[in-house]
Amino acid sequence: MNRIFLAFRSFFNILFHGELSAEVLAALNLSRTKTAPSTSKAAASPQAASAPPAVRASDGALQILGILQRDSRLLDFLMEDIAAYSDDQVGAAVREMHDQCRDSIARYVSLQPVIDGVEGTFAKAPSADPNLVKFVGNVPAKPPAGGTLRHKGWRATKIDLPALSGRQDASVIAPAEIEIE
């Protein structure tokens with residue numbers, strides 16, 4: 001459940017703030033990097049004013065959220081108070097939604113495990129990037145070379161979202177619907 005909670009916190013941090021909070025970064029064992037500002041001559045030209053609006057970091061997160069709403073009504077489910085429904089009713093709704101969300105994500109994002117191993121067995125930590133692994137439990141001051149794999153982790157290997165048109169407002173995740181009779 002902690003991984004699901006952390007995934008939702010990460011998603012909504014990016015969705016509403018355009019970046020991960022310090023708490024989420026710490027939980028994921030990540031750190032912020034600074035990027036140098038662009039010194040391109042094209043940015044200072046008068047033509048830059050007529051260029052399409054810059055893509056914000058949150059646009060992709062909003063677009064994914066819009067896709068999940070369109071394909072599976074995920075936001076409708078999350079925003080609804082489900083306390084009045086039985087576990088069987090919620091379970092039936094979630095089973096169908098799970099399949100729809102999974103298909104939507106697979107259509108636009110290619111995922112692979114960070115460590116392709118069997119959970120519950122010994123796994124060696126990749127040494128290439130310390131951000132690939134989060135050690136949990138009784139961790140010594142110097143992290144060990146490996147341990148029991150509790151979660152494989154996920155890495156996006158390809159993201160292929162449709163292009164947003166210049167007229168499209170990325171903050172409108174799903175437009176209101178009005179039926180005309």
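The basis for the numbers below is simple: all heavy atoms, side chains too, and nothing from hydrogens, waters or symmetry mates.
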Practice prompt. List, by chain and number, the other hydrophobic cluster members for Val172, where Ile, Leu, Val, Met, Phe, Trp and Tyr join if side-chain heavy atoms come within less than 4.5 Å, directly or indirectly.
Written response: none
Discussion item. Does either side chain, that of Ser86 or that of Asp88, offer a donor lying less than 3.5 Å from an acceptor on the other one?
Written reply: no
Discussion item. Ile105: which residues meet the side chain to side chain contact (heavy atoms under 4.5 Å, CB included) condition with it, sequence neighbours left out?
Written reply: Ile64, Leu68, Val109, Leu111
Sequence neighbours left out, cut at 3.5 Å: what donor-acceptor pairs do the side chains of residues 173-181 make with other protein atoms?
none

Worksheet item: Could you state the interatomic distance from NZ (Lys124) to CG (Leu149), rounded to the nearest 0.5 Å?
Response: 15.0 Å
Worksheet entry | Cluster companions of Phe122 among Ile, Leu, Val, Met, Phe, Trp, Tyr (side-chain spacing under 4.5 Å) | none
Discussion item. Could you check whether Glu80 and Tyr85, counting side-chain N and O atoms only, form a donor-acceptor pair closer than 3.5 Å?
Written reply: yes
Item to complete: Evaluate the side-chain proximity of Ser72 to Phe77: yes if any heavy-atom separation is below 4.5 Å, no if none is.
Response: no
Item to complete: List the steps, then state whether side chain to side chain contact (heavy atoms under 4.5 Å, CB included) holds for Glu119 with Arg150.
Response: CA-CA 5 Å; Glu119 292 180 359; Arg150 294 294 175 214; over 6 Å; no
Worksheet item: Just by distance, do the side chain of Gln89 and the backbone of Ile82 share a donor-acceptor pair under 3.5 Å?
Response: no
Donor-acceptor pairs under 3.5 Å, side chain of residues 91-102 to any protein atom, not counting sequence neighbours: which ones?
residue : atom : partner : partner atom : Å
Glu96   : OE2  : Gln100  : NE2          : 3.3

Discussion item. Going by salt bridge (charged side-chain N to carboxylate O under 4.0 Å, His left out), name the residues that satisfy it together with Asp76, two or more places apart in sequence or in a different chain.
Written reply: Arg73
Discussion item. Using the rule given for side chain to side chain contact (heavy atoms under 4.5 Å, CB included), can you reason through Asp160 versus Tyr108, listing the C-alpha separation, both sets of side-chain angles and the distance that settles it, and then say yes or no?
Written reply: CA-CA 5 Å; Asp160 190 22; Tyr108 298 105; 5.6 Å; no
Discussion item. Suppose we screen for side chain to side chain contact (heavy atoms under 4.5 Å, CB included). Which residues come up paired with Thr121, at least two apart in sequence or across chains?
Written reply: Val118
Worksheet item: What residues form a side chain to side chain contact (heavy atoms under 4.5 Å, CB included) with Val114, not counting sequence neighbours?
Response: Leu132, Arg155
Worksheet item: Same cluster for Trp154 and Phe135 if Ile/Leu/Val/Met/Phe/Trp/Tyr side chains link at under 4.5 Å?
Response: no
Item to complete: Hey, could you give me each pair passing salt bridge (charged side-chain N to carboxylate O under 4.0 Å, His left out) that has a residue in residues 138-148? Not counting sequence neighbours.
Response: none
Worksheet item: For Ser110, which residues count as a side chain to side chain contact (heavy atoms under 4.5 Å, CB included) partner, sequence neighbours excluded?
Response: Thr157, Lys158
Item to complete: Could I get the full list of salt bridge (charged side-chain N to carboxylate O under 4.0 Å, His left out) partners for Arg107, not counting sequence neighbours?
Response: Asp71
Practice prompt. For Gly117 and Lys152, work out which heavy atoms get closest and say how close.
Written response: O-CE, 2.9 Å
Worksheet entry | Audit row: Val136, Lys134, side chain to side chain contact (heavy atoms under 4.5 Å, CB included) steps and yes/no | CA-CA 6 Å; Val136 295; Lys134 175 184 168 187; 4.0 Å; yes
Worksheet item: Could you give the distance from CG (Leu74) to CD (Gln69), rounded to the nearest 0.5 Å?
Response: 7.5 Å
Worksheet entry | Gap separating the CG atom of Asp169 from the CG atom of Leu62, nearest 0.5 angstrom | 9.0 Å
